[in-house]
Each structure stands twice: as C-alpha cells, then as structure tokens.
Amino acid sequence: MADNDTQQLDLELVKRVQRGDSAAFDLLVRKYQHRIAALIGRYIPDWSECQDVAQETFIRAYRAIGNFRGDAQFYTWLHRIAVNTAKNHLVASNRRPPTGDIDVEDAEQYDAGVRLRDNDTPERELMRQQLEQTVMRAVEALPEELKLAITLREVDGLSYEEIAERMDCPIGTVRSRIFRAREAIDQEMKPLLDRNDTMERATR
C-alpha cells in the first residue's frame with residue numbers, strides 16, 4: 001500500500017474513532033502494535049514491561065485522539081506519545097531516560113532490526129501479517145455488542161466493572177460477550193495457527 005493510501009486510511013479510521021466508533025481504534029492498534037513495541041523496546045528492554053508501556057501508549061492515544069487534526073501522520077503522532085510514555089515510565093521508576101529521542105526513521109530501522117534479530121523469515125513475517133489481518137477481519141465481523149466489549153477490554157484496558165457500566169449491562173453479560181468474542185476470533189485464527197505449527201515442525 002502506498003504511503004498516501006496508508007495516511008488516508010489512518011485518517012479515515014481516526015475520524016471514525018472521533019465519531020464514537022471504538023472498534024476503528026482496534027484496527028489502528030493491530031496495525032501499529034509491533035512497531036510501537038519495538039520503539040519502546042529501545043527505552044525499556046524488559047519485554048513484559050515494554051508490553052505494559054505499549055498498552056499505556058495506546059490508552060493515552062485513545063484518550064487524546066479527539067485532539068488529532070491530521071496535521072502530522074497518525075504514526076508520527078503515535079510515535080511521540082510512545083516516546084513520552086516510555087520516558088515518563090522510566091522517570092516514575094527512578095531510572096534515567098535516554099537524553100536523545102528516537103526519531104521516526106530510526107524507529108523504522110530498529111523495527112526491521114528486531115525482526116532480523118528474532119530470526120524472522122519472510123514466511124514468518126507473512127504469517128504475522130496474515131494473523132493481524134485475520135484478527136482485524138474477525139473483530140469487524142463480530143456483532144456490535146461483542147465488538148464493543150472486546151475493544152473496551154483489549155484496547156481501552158477497562159475492567160469488567162467499567163465495561164458493564166459503559167454498556168449498561170450486568171458483569172456476567174460482559175464476561176459472556178468477551179468470551180464469545182475471543183472464541184470467534186480464535187476460531188478464525190485456528191487454521192492459520194495450525195498451518196504455522198506445521199511449518200515450524202517442518203523447519204526443525
């Protein structure tokens with residue numbers, strides 16, 4: 001996809017989020033989560049800690065997205081939030097953040113380096129892209145109440161109590177909707193994951 005097409009798609013998704021379509025934000029998360037995690041990994045090497053900060057980045061972005069006007073590319077805007085979130089996290093835990101910021105181009109190069117260091121083959125990279133696309137399609141195909149429940153949980157990081165309040169339904173209903181959503185997504189991913197397992201065994 002050309003850069004202009006990507007920018008246009010991002011902008012359209014942002015507009016949908018600003019109109020209240022939180023599922024559109026899930027698509028942006030799926031698209032950029034690996035790049036953002038790789039960027040934060042340059043500040044915070046611990047993987048589980050890096051994942052927590054990446055989630056915090058997307059929560060902050062979601063809360064601030066109403067202020068996004070499209071003056072910069074969405075990824076550039078998200079990149080700045082990720083850098084600030086990582087540095088704030090280091091300061092809060094009494095660690096010194098790096099003095100220089102990582103610019104977008106360096107982050108792109110680093111992201112490619114991470115994939116090489118992880119011994120990712122073109123086949124594995126293709127598999128990851130297919131999995132992400134499958135998840136995006138599966139989420140989009142969910143009934144509205146399941147889509148909203150899983151997005152509030154996985155993207156916004158809300159508790160079951162908060163989701164129940166937002167959706168005006170009992171917690172048991174929330175748990176059921178999230179379970180059904182995950183089940184539907186897993187069902188769509190299973191053929192790909194099975195194929196990946198077969199590939200893994202063949203290369204051992």
Side-chain angles (χ1 to χ4, degrees), residues 9-10 12-41 44 46-68 74 78 81-82 85-86 88-89 92-93 124 127-198 200:
L9 176 60
D10 286 355
E12 182 54 40
L13 288 172
V14 168
K15 286 176 181 174
R16 281 170 55 186
V17 180
Q18 290 172 338
R19 290 195 296 266
D21 180 2
S22 56
F25 191 73
D26 188 38
L27 301 182
L28 290 167
V29 172
R30 303 289 180 192
K31 182 176 179 180
Y32 290 118
Q33 58 188 357
H34 293 299
R35 288 163 73 180
I36 290 298
L39 167 63
I40 292 168
I44 300 164
D46 180 80
W47 179 244
S48 61
E49 197 178 357
C50 173
Q51 291 299 299
D52 288 343
V53 174
Q55 183 177 20
E56 177 65 21
T57 295
F58 283 111
I59 289 170
R60 289 186 179 194
Y62 184 72
R63 288 173 179 160
I65 203 163
N67 300 322
F68 183 80
F74 176 76
L78 187 60
I81 293 174
T85 304
N88 289 343
H89 177 83
S93 52
R124 283 182 183 166
M127 175 63 66
R128 180 156 54 217
Q129 289 174 8
Q130 287 176 336
L131 280 171
E132 287 182 17
Q133 289 166 3
T134 301
V135 169
M136 285 165 62
R137 282 198 303 270
V139 170
E140 278 294 285
L142 289 171
E144 198 57 44
E145 70 274 8
L146 301 192
K147 188 193 302 185
L148 180 56
I150 194 74
T151 301
L152 291 173
R153 180 66 179 166
E154 301 294 351
V155 180
D156 302 351
L158 298 188
S159 68
Y160 286 105
E161 290 81 4
E162 289 169 324
I163 297 170
E165 189 176 332
R166 180 80 69 87
M167 298 187 72
D168 193 25
C169 65
I171 289 179
T173 303
V174 170
R175 291 184 187 279
S176 170
R177 286 174 180 174
I178 289 173
F179 176 80
R180 284 158 55 204
R182 285 177 176 156
E183 207 172 38
I185 293 167
D186 289 347
Q187 199 64 36
E188 290 295 319
M189 290 171 67
K190 191 175 185 305
L192 271 178
L193 293 173
D194 288 347
R195 199 170 83 213
N196 187 47
D197 288 344
T198 304
E200 290 289 333

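No hydrogens, no waters, no symmetry mates; every other heavy atom, side chains included, goes into these values. From a predicted model like this one, the values you see are computed outputs, not experimental measurements.
The side chain to side chain donor-acceptor pair (under 3.5 Å) test applied to E56 returns R60, not counting sequence neighbours. For E49, the side chain to side chain donor-acceptor pair (under 3.5 Å) test picks out H89, R95, with sequence neighbours left out. Taking E145 as the reference, nothing meets the salt bridge (charged side-chain N to carboxylate O under 4.0 Å, His left out) condition, with sequence neighbours excluded. Judged as a salt bridge (charged side-chain N to carboxylate O under 4.0 Å, His left out), and not counting sequence neighbours, the contacts of D21 are R16. With sequence neighbours left out, T173 forms a side chain to side chain contact (heavy atoms under 4.5 Å, CB included) with C169, P170, R177. Contacts of E165 classified as salt bridge (charged side-chain N to carboxylate O under 4.0 Å, His left out), with partners at least two apart in sequence or in another chain: none.
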Review point. Does the side chain to side chain contact (heavy atoms under 4.5 Å, CB included) test come out yes or no for S22 and V17, once each step is laid out?
Key: CA-CA 5 Å; S22 56; V17 180; 5.9 Å; no

Point to revise | Step-by-step side chain to side chain contact (heavy atoms under 4.5 Å, CB included) determination, I44 to D52 | key: CA-CA 10 Å; I44 300 164; D52 288 343; over 6 Å; no

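Here the side chains of I163 and I178 are in contact, with some heavy-atom distance below 4.5 Å. For the pair L146 and P143, the minimum side-chain heavy-atom distance is below 4.5 Å. Taking the side chain as every heavy atom from C-beta outward, F25 and L13 never approach each other to under 4.5 Å. I150 places none of its side-chain heavy atoms less than 4.5 Å from the side chain of R180.
Ion pairing of K147 with D26 is absent here, as no side-chain N (NZ or NE/NH1/NH2) approaches a carboxylate O to less than 4.0 Å.
Applying side-chain contact (heavy atoms from CB on, under 4.5 Å) to I36 and the options L78, T85, I81 leaves one that passes, L78.
Remark: L142 CG to I185 CD1 distance equals 5.5 Å, nearest 0.5 Å.
Ring geometry for Y32 against F74 counts as tilted: the plane angle lies between 30° and 60°, on a 0 to 90° scale.
With hydrogens and angles ignored, the 3.5 Å screen pairs a side-chain donor or acceptor of Q18 with a backbone N or O of F68.
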